[in-house]
Amino acid sequence: MRALPVRVDAVLVQALIAAALSFAHLHDLASAAGQHGWKAWAYPVSVDLLMVAAWRRLRSGEAKAAGWCWFLVALTASLGANVATAGLLDLDDVPAWLRILVAGWPAVAFLGGTLLAHGSPNPDQAPGPMPEPSSTAAAPEPIAPEVEPPSTAAELLANEAESAPSSPSPVPPALAALARKVADEHRARTGTPIDTSTLRARLGVPMPLAEAIATQLN
């Protein structure tokens, strides 16, 4: 015996049977209330569609209050039709208030379906820009060597030139001491002796004087 290609779900079958019975009860009630022909068939369709729309809104997780409200309205309409057609109501003599409810149901179903399908649950909550993640480890700030600025070297050179114009050495002692300090710091940081261009840039002196200082350092 060949197995069935499609597995039959008992819960789905039960749901289809319950939907068919509820559909028939709504049709009978609408027909008894004066809605004949295709109108009687449209009433159960509108109730079921409103219930499906409300259930989808509940599944989405947005505006659950509106979803529960319209779900209970559709459930009340379906359950009311089931109870009314169970022998508690004379379908040959439907009261006037029930005729009014049945006649007004299309407007209620249209309003609920429109709000559920096209409503904007959170119009004011627009997604804002994502904040940039802050770095947990701050980059260490480079430690600047404590070296006197070039202006200080120029001032020392000018002062030495004024105070000792007849000095036999072309490099003033103060400037030579500053140059040696800069050279020692450069060697400690890079491991190589300082070159003349770097020495000139660090001291802010002319190239001939920088060459004289470099010669004296060597």
Side-chain angles (χ1 to χ4, degrees), residues 7 9 11-12 49-74 109-218:
R7 180 174 176 267
D9 192 346
V11 178
L12 180 60
L49 289 181
L50 181 59
M51 187 176 297
V52 171
W55 177 247
R56 290 189 61 183
R57 175 57 60 88
L58 292 175
R59 291 288 303 274
S60 67
E62 298 177 347
K64 288 189 175 182
W68 277 115
C69 176
W70 290 109
F71 183 80
L72 291 177
V73 170
F110 176 77
L111 175 63
T114 303
L115 293 177
L116 291 173
H118 303 288
S120 178
N122 297 318
D124 297 330
Q125 296 182 1
M130 295 296 293
E132 296 182 359
S134 59
S135 177
T136 56
E141 298 182 358
I143 302 176
E146 297 181 357
V147 180
E148 296 183 8
S151 60
T152 306
E155 292 176 1
L156 290 175
L157 179 60
N159 294 335
E160 290 294 334
E162 293 178 359
S163 60
S166 60
S167 176
S169 175
V171 181
L175 185 58
L178 176 61
R180 187 168 298 279
K181 182 179 179 180
V182 172
D184 293 341
E185 183 275 331
H186 182 82
R187 181 183 293 273
R189 182 164 53 86
T190 63
T192 58
I194 190 168
D195 59 285
T196 306
S197 300
T198 305
L199 183 63
R200 173 184 174 277
R202 297 289 296 273
L203 296 178
V205 295
M207 180 57 73
L209 183 56
E211 293 176 352
I213 296 174
T215 303
Q216 185 174 349
L217 292 178
N218 295 333

For Gly113 against Leu50, the heavy-atom pair lying closest together: N-CD1, 3.6 Å
Pro206 versus Arg200, closest heavy-atom pair with distance: C-NE, 4.0 Å
Flag side-chain contact, heavy atom, 4.5 Å: Trp70 against Leu111: yes
Over all atoms of both residues, closest heavy-atom pair of Arg57 and Leu115: NH2-O, 4.0 Å
Set of residues satisfying side chain to side chain donor-acceptor pair (under 3.5 Å) with respect to Ser197, sequence neighbours excluded: none
Side chain to side chain donor-acceptor pair (under 3.5 Å) partners of Asp184, counting only residues at least two apart: none
Approximate separation, where rounding is to 0.5 Å, of Met51 CE and Leu116 CG: 12.0 Å
Inter-residue atom distance Met207.CE - Ile213.CD1, 0.5 Å rounding: 11.0 Å
Within-4.5 Å side-chain heavy-atom neighbours: His186 and Thr192: yes
Sequence-distant partners of Ala109, side-chain contact (heavy atoms from CB on, under 4.5 Å), two or more places apart: Ser46, Trp105
Closest non-hydrogen atom pair between Gly67 and Ala54, with its separation: O-CB, 3.5 Å
Distance-minimising heavy-atom pair for Ile194 and Ala183: CG2-CB, 3.7 Å
